[in-house]
K.L.:
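Sending over a structure as structure tokens; questions will come in a sec.
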Amino acid sequence: MTSNEQHFKRDAWLSGRHRTWGYNAPAMDIDFLLVEYDKCVPKAIIDYKHKHAILDLTNVGARTLCNLGNMASIPAFIVQYGHSNQDGWWGEVPEDSKPYFVIWPLNEHANRFMLNNNLKSSEEINEIAFVEFLYQLRGRKIPQFIIDTITKQ
């Protein structure tokens with residue numbers, strides 16, 4: 001379970017300061033990186049990006065995440081998320097809005113996982129299909145009560 005953002009500035013000073021340390025000390029800011037795990041064993045790394053975020057699967061950030069997944073021998077993905085009804089680019093999400101997700105595999109582990117589970121990349125899927133994907137990463141089946149909870153929301 002993720003914790004709530006405390007002050008919306010995170011480590012702004014360090015981020016800015018790091019840029020002054022020179023070209024040969026590169027780092028990247030990750031939108032919302034999660035390690036999906038089961039029983040303390042990493043199953044995948046996913047960088048979640050809002051549908052309006054810039055998506056470039058060939059940039060240094062995506063390539064670095066791909067390499068990180070390869071080093072850990074786990075799938076690496078970028079997952080875009082959005083809502084069917086949202087007030088502007090970053091506005092409020094009404095209760096009747098339906099979330100959707102697009103899964104982008106970054107490394108061969110992710111490509112193989114998608115193929116072995118008959119999943120298609122780059123297409124919008126609903127929330128239940130996405131949560132099924134998360135359970136599949138763990139070799140599990142989504143419980144009916146989770147589906148029921150999502151459906152009632």
Side-chain angles (χ1 to χ4, degrees), residues 1-93 97-140 142 146 150:
M1 186 70 84
T2 59
S3 61
N4 292 326
E5 175 67 36
Q6 297 296 312
H7 52 76
F8 302 103
K9 291 189 179 181
R10 296 188 191 163
D11 296 310
W13 174 85
L14 182 57
S15 177
R17 190 63 167 209
H18 197 286
R19 289 178 179 87
T20 68
W21 296 340
Y23 183 79
N24 289 317
M28 65 184 216
D29 181 353
I30 299 170
D31 289 346
F32 187 68
L33 184 71
L34 292 181
V35 175
E36 299 287 347
Y37 68 93
D38 188 47
K39 298 180 181 177
C40 297
V41 176
K43 297 296 180 176
I45 54 173
I46 300 177
D47 187 12
Y48 289 89
K49 294 185 177 290
H50 189 271
K51 68 179 180 179
H52 293 304
I54 296 170
L55 181 67
D56 180 354
L57 301 177
T58 63
N59 71 11
V60 295
R63 292 190 341 244
T64 301
L65 287 176
C66 173
N67 286 331
L68 183 60
N70 288 341
M71 293 168 72
S73 297
I74 60 174
F77 300 94
I78 290 177
V79 172
Q80 288 179 295
Y81 63 93
H83 292 87
S84 61
N85 184 16
Q86 187 172 9
D87 184 21
W89 273 40
W90 302 103
E92 292 296 317
V93 177
S97 185
K98 301 293 182 200
Y100 62 86
F101 302 84
V102 180
I103 303 168
W104 299 93
L106 295 177
N107 64 1
E108 190 53 41
H109 298 284
N111 286 324
R112 191 175 327 109
F113 177 84
M114 299 291 283
L115 183 64
N116 291 344
N117 289 281
N118 297 316
L119 298 169
K120 295 180 182 168
S121 63
S122 74
E123 71 178 18
E124 289 182 10
I125 58 174
N126 66 26
E127 184 176 12
I128 291 173
F130 182 69
V131 176
E132 286 175 337
F133 159 76
L134 294 176
Y135 274 81
Q136 286 174 314
L137 283 170
R138 293 159 172 84
R140 300 178 181 278
I142 184 172
I146 298 291
I150 293 169

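Numbering starts at 1 and runs along the sequence shown.
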K.L.:
Which residue pairs pass the salt bridge (charged side-chain N to carboxylate O under 4.0 Å, His left out) test when at least one of the two sits in residues 106-133, sequence neighbours left out?
P.N.:
none
K.L.:
Can you check whether S122 reaches W104 side chain to side chain, under 4.5 Å on heavy atoms?
P.N.:
yes
K.L.:
Taking all heavy atoms of G82 and all of K51, pick out the closest pair and write down the distance.
P.N.:
CA-CD, 3.9 Å
K.L.:
So, H50 versus Y81, ring centres under 6.0 angstrom or not?
P.N.:
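Ring centres of Y81 and H50 closer than 6.0 Å.
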K.L.:
With sequence neighbours excluded, tell me which residues meet salt bridge (Lys or Arg N to Asp or Glu O under 4.0 Å) with K49.
P.N.:
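Per chain and number, K49 pairs via salt bridge (Lys or Arg N to Asp or Glu O under 4.0 Å) with D31, D47.
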K.L.:
Please name the pair of heavy atoms, one in Q136 and one in N117, separated by the smallest distance, quoted to 0.1 Å.
P.N.:
NE2-OD1, 3.8 Å
K.L.:
Side chains of residues 61-69: which donor-acceptor partners sit under 3.5 Å, not counting sequence neighbours?
P.N.:
residue: R63; atom: NH1; partner: T58; partner atom: O; Å: 3.1
residue: T64; atom: OG1; partner: V60; partner atom: O; Å: 2.6
residue: N67; atom: ND2; partner: R63; partner atom: O; Å: 3.3

K.L.:
Have a look at L106 and tell me which of L57, I46, N111, I45 forms a side chain to side chain contact (heavy atoms under 4.5 Å, CB included) with it.
P.N.:
L57
K.L.:
Assert yes or no for the condition that the ring centre distance of F77 to F133 is strictly below 6.0 Å.
P.N.:
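Yes, close enough.
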K.L.:
With D38, which residues qualify under salt bridge (Lys or Arg N to Asp or Glu O under 4.0 Å), at least two apart?
P.N.:
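R140.
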K.L.:
Could you go through residues 18-25 and list every donor-acceptor pair under 3.5 Å that involves a side-chain atom there, pairing it with any protein atom two or more places apart or in another chain?
P.N.:
residue: R19; atom: NH1; partner: S15; partner atom: O; Å: 2.9
residue: R19; atom: NH1; partner: S15; partner atom: OG; Å: 2.9
residue: T20; atom: OG1; partner: R17; partner atom: O; Å: 2.6

K.L.:
Just how far is it from atom OH of Y100 to atom CG of N126, taken to the nearest 0.5 Å?
P.N.:
13.0 Å
K.L.:
How many angstroms lie between atom OH of Y48 and atom CD1 of I78, to the nearest 0.5 angstrom?
P.N.:
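Taking OH in Y48 and CD1 in I78, the distance rounds to 12.5 Å.
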K.L.:
Using the salt bridge (Lys or Arg N to Asp or Glu O under 4.0 Å) criterion, which residues pair with R138? Sequence neighbours excluded.
P.N.:
E36
K.L.:
When rounded to the nearest 0.5 angstrom, what is the spacing between CG in L119 and CG in N116?
P.N.:
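Here the interatomic distance stands at 9.5 Å.
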K.L.:
Can you find a pair of side-chain heavy atoms, one from H109 and one from N70, that are under 4.5 Å apart?
P.N.:
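A side-chain contact under 4.5 Å exists here.
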